[in-house]
Amino acid sequence: MISFKTRLKETIYERLKGVYPVAIEDLDMAPTPDPKMGDLALTFPFQLAKTLKKAPRAIAQEAAPLRSSLVPEEDKIIIEHTNINPNKAAHIGHLRNACLGDTLARCLRFKGEKVEVQNYIDDTGVQVVDVVFGFMELEKKTLDDLEKLPGKFDYYCWDLYARTSVYLGEHPEAQTKKAAIIKKIENGQDPEYALSRYVSRRIVRAHLATMRRLGIAYDVLPCESTILHLKFWEKAFDLLKERQAIYFAAQGENKGCWVMRLEEDEEREKVIVRSDGTVTYVGKDIAYQLWKFGLLGRDFYYEPFAEEDGRTLWISTSTPTPGGPGFGEASKVYNVIDTRQSYLQKIVVQGLRSLKYDTQAAKSVHFSYEMVALSPKSLKELGYAASEEEKERSFLEVSGRKGLGVKADDLLDRLEDKARAEIEKRNPGLPTDEKQRIARDIASGALRYFMLKFARNSLIIFDFDEALNFEGETGPYLQYTVVRLNSIFRKLKERDGVAESDIVPPTDGRALLPPGLSEKETADFWGLIVAAASLDEEVLRSVAGLEFSHLAKFAFLLCQKFNGYYHKYPVLAEENKEVKAFRLLTIRTTKEQLQCALALMGIPLPERM
RNA sequence: GCGCCCGUAGCUCAGUGGAUAGAGCAGUGGACUUCGAAUCCAAAGGUCGCAAGUUCGAAUCUUGCCGGGCGCGCCA
């Protein structure tokens with residue numbers, strides 16, 4: 001019991017010290033004047049209030065030390081996320097990746113870190129080749145035809161990719177043709193090369209547009225094609241050989257390959273270079289990871305790819321371009337990739353260790369998460385014809401190859417449609433463009449919260465009804481809470497001419513808590529303010545565990561608390577001036593923390609809804 | 001076979017060795033002439049997969065078992 005009390009006191013202290021100047025000894029004043037309040041949990045607010053009455057002036061500083069615990073630890077952090085193969089539309093699985101990665105970036109920036117966000121583009125992989133094959137062999141289309149294709153190109157390729165996959169499965173002899181296309185793309189020969197480039201670039205632009213709907217942006221797009229042209233792998237290969245991180249298998253099942261022995265099992269080995277001399281996926285990944293840390297001794301060139309809000313998004317190129325920006329050379333790297341890649345990510349890190357880059361190996365973080373799957377109900381809604389075997393299962397994996405999945409833009413469209421209908425019910429008089437803006441914000445908020453509320457190791461079995469819900473533990477609930485708060489301040493300005501920024505703690509020596517405030521309200525106030533003050537702690541905890549469901553849950557619980565307060569205590573109608581001022585200060589403090597939490601989750605805040 | 005993950009209310013999920021295990025959804029009953037009801041209040045709903053162990057104390061840590069998922073390519 002003693003240790004429990006100590007822990008409790010420490011926790012309370014940790015939460016309060018950022019906001020209010022209390023010493024842990026103040027919390028230690030255990031005996032209460034009234035034996036009825038012998039419970040520590042009940043007395044601490046009173047103890048604090050007492051302390052604060054002695055030094056109310058200090059409360060004015062409450063906002064300043066809030067971020068004192070947020071200090072940067074790294075020189076520069078690279079986050080790699082999204083990484084969608086540029087051969088089809090983005091789907092809900094990609095959305096989970098991008099939402100997690102973007103939230104990590106926002107939280108690290110909040111902490112004060114220098115963050116660089118990279119979205120790796122595999123523009124020469126077999127997935128793009130499949131679509132090129134589809135255009136050439138199945139549709140007999142030229143580059144000119146592609147340029148004239150109207151509408152959503154990523155959607156078009158989604159269907160074509162699925163059709164091509166079926167075709168290639170049924171025609172094994174077509175593999176020779178496919179292999180020839182791969183070769184020509186590698187050698188930069190047209191029309192194959194031009195087609196692959198057109199497809200990948202146009203689809204990357206589609207992905208960027210989709211992510212932009214969610215407020216997700218990037219700093220740089222490193223391309224696989226550039227890595228090939230600039231011979232990153234060859235440089236890494238020399239390093240690996242020189243430091244004996246890999247060795248040539250003269251016999252055995254991997255005869256003729258360059259392999260790496262696995263740390264966990266000396267008997268097993270992973271092929272890095274095939275017997276035909278080509279490099280595997282893991283090999284290329286090791287080279288890329290080395291580049292991120294500035295250990296490769298080679299670099300990309302860059303050219304502008306797009307402008308977003310006055311910020312330039314750069315793409316890698318092998319053509320020397322003087323005066324371009326510099327990327328890479330991070331001290332820590334987060335790779336946001338789903339849990340199925342855990343084994344390969346482990347090998348990449350082992351590659352760094354084998355090269356004696358232990359520091360960088362320790363700072364290579366695989367931010368893993370479970371996949372998004374589809375419920376049988378969702379399958380039905382998508383009109384997917386499941387096989388007998390698939391019908392037996394309780395969920396199905398999203399599969400681009402099968403063309404099975406909920407496309408990101410489709411889901412966002414449906415969320416927007418529903419939001420617009422709700423707005424129409426509540427605020428029919430608003431201008432159409434404003435309704436559209438609000439609908440977009442609500443759709444984005446609903447989706448981002450949905451992707452964040454699950455723990456990362458939890459498999460999301462996607463269900464439309466659940467994702468389209470705007471009530472209860474959802475993004476719109478959080479948005480609505482803050483919108484109502486803002487509306488109080490808007491009315492305050494209209495009625496009393498008082499601006500929100502004028503709501504500050506008393507500076508004339510008066511107590512923060514007005515005299516005669518009820519015990520119930522005092523307790524509710526402290527409950528709210530202590531919760532609001534733990535934002536920093538929650539952000540740090542979320543980052544440390546890469547568990548942003550903590551942040552989501554924190555914001556939701558704070559909203560719940562606030563909504564309870566909102567219903568109980570009128571603000572603008574309160575006649576006692578001191579009580580009114582106190583309540584205004586309470587809700588302003590809460591609102592600031594809430595707005596911060598929403599911004600960290602990338603949930604936009606409409607003015608009305 | 002080996003490795004990783006999951007199993008908590010009807011459903012979807014939180015839960016940092018600590019107090020009577022919590023939310024949302026669905027269902028039940030209630031609250032809009034008030035700062036916005038996308039809200040709030042109330043009741044109801046649990047062998048925390050099973051078993052043993054560690055501990056003053058286990059949903060949480062360890063081991064075994066059961067059930068489900070994902071990995072373990074000279075694919076990417």
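Quick note on labels: first sequence line is chain A, next is B, and so on, each numbered from 1. Note that the structure is predicted; figures quoted are calculated from it, not measured.
Using a 4.0 Å heavy-atom distance criterion, A:Met609 is classed as a base contact. Looking at heavy-atom distances under 4.0 Å, A:Ala373 makes no contact with the nucleic acid at all. Within the nucleic acid shown, A:Asn254 comes within 4.0 Å of at least one base atom, counting heavy atoms only. Within the 4.0 angstrom heavy-atom criterion, base atoms lie near A:Leu572. No engagement by A:Gln127 is indicated, since no non-hydrogen atom pair under 4.0 Å with the nucleic acid exists. Nucleic acid contact class of A:Phe454 (heavy atoms, under 4.0 Å, all strands): sugar-phosphate only. Residue contacts shown for A:Lys255 include a base, since a base heavy atom lies under 4.0 Å away. Among the heavy atoms of the strands lying under 4.0 Å from A:Tyr569 is at least one base atom, whether or not backbone atoms are also near. Among the heavy atoms of the strands lying under 4.0 Å from A:Ile442 is at least one base atom, whether or not backbone atoms are also near. Residue contacts shown for A:Gln560 are limited to sugar-phosphate atoms, with no base heavy atom under 4.0 Å away. A:Asn85 comes within 4.0 angstrom of nothing in the nucleic acid, heavy atoms only. Contact annotation for A:Thr474: no contact, since no heavy-atom pair falls under 4.0 Å across all strands. Residue A:Val273 is out of contact with every strand shown, counting any heavy-atom pair closer than 4.0 Å. Looking at heavy-atom distances under 4.0 Å, A:Thr339 makes no contact with the nucleic acid at all.
Distances shorter than 4.0 Å separate some side-chain N or O of A:Arg495 from OP1 or OP2 on B:rC35. The phosphate of B:rC70 has OP1 or OP2 within less than 4.0 Å of a side-chain N or O from A:Arg393. Under 4.0 angstrom from either OP1 or OP2 of B:rC40 there lies at least one side-chain N or O belonging to A:Tyr477. Phosphate contact (OP1/OP2 of B:rG1, side-chain N/O of A:Arg268, threshold under 4.0 Å): absent.
Across all strands shown, the partner of B:rC61 is B:rG53, judged by Watson-Crick or G-U wobble contacts whose two distances both fall under 3.5 Å. Of the nucleotides present, none pairs with B:rA19 by Watson-Crick or G-U wobble criteria with both distances under 3.5 Å. Of all nucleotides present, only B:rC11 satisfies the Watson-Crick or G-U wobble test against B:rG24, with each distance under 3.5 Å. In this structure, B:rU47 forms no base pair with any nucleotide, since neither Watson-Crick nor G-U wobble geometry is met with both distances under 3.5 Å. Here B:rA31 sits opposite B:rU39 as a Watson-Crick or G-U wobble pair (both hydrogen-bonding atom distances under 3.5 Å). Pair check for B:rC2 finds B:rG71; Watson-Crick or G-U wobble, both atom distances under 3.5 Å.
With C1' as the reference atom, B:rU8 and B:rA58 are 14 Å apart, rounded to whole Å. Atom name C1', nucleotides B:rG17 and B:rU60: the rounded distance is 7 Å, in whole Å. Going from the P atom of B:rG15 to that of B:rG22 covers 15 Å, rounded to whole Å.
With ring centers used as reference points, A:Phe556 lies under 6.0 Å from A:Tyr477. For A:Tyr369 and A:Phe454, the distance between ring centers is not under 6.0 angstrom.
Comparing atom distances between the A:Tyr566 side chain and each of B:rG36, B:rU16, B:rC5 picks out B:rG36 as nearest. Of the candidate nucleotides B:rC35, B:rG24, B:rA38, B:rA38 has the atom nearest to the side chain of A:Glu422.
In this model, a donor atom of one side chain and an acceptor atom of the other lie less than 3.5 Å apart for A:Asn563 and A:Thr481.
Remark: the backbone N or O of A:Ala90 is not paired with any side-chain donor or acceptor of A:His94 at under 3.5 angstrom. Judged purely by atom type and a 3.5 angstrom limit, A:Glu390 uses its side chain to pair as donor or acceptor with the backbone of A:Ser387.
The distance from atom CD1 of A:Ile182 to atom P of B:rC75 is 11 Å, rounded to the nearest whole Å. Look at CD on A:Gln175: it is 12 Å from P on B:rC75, rounded to the nearest Å. A straight line from CG of A:Leu598 to P of B:rA38 spans 18 Å, rounded to a whole angstrom.
Between A:Arg420 and A:Glu416, at least one side-chain N (NZ, or NE/NH1/NH2) sits under 4.0 Å from a carboxylate O, which counts as a salt bridge. Salt bridge annotation for A:Glu422-A:Lys435: absent, with no cationic side-chain nitrogen under 4.0 angstrom from a carboxylate oxygen.
Positionally, the nearest nucleotide of RNA chain B for A:Phe470 lies more toward the 5' end than for the other of A:Cys257 and A:Phe470. When each of A:Lys491 and A:Glu370 is assigned the nucleotide of RNA chain B bearing its nearest heavy atom, the one mapping closer to the 5' terminus is A:Glu370.
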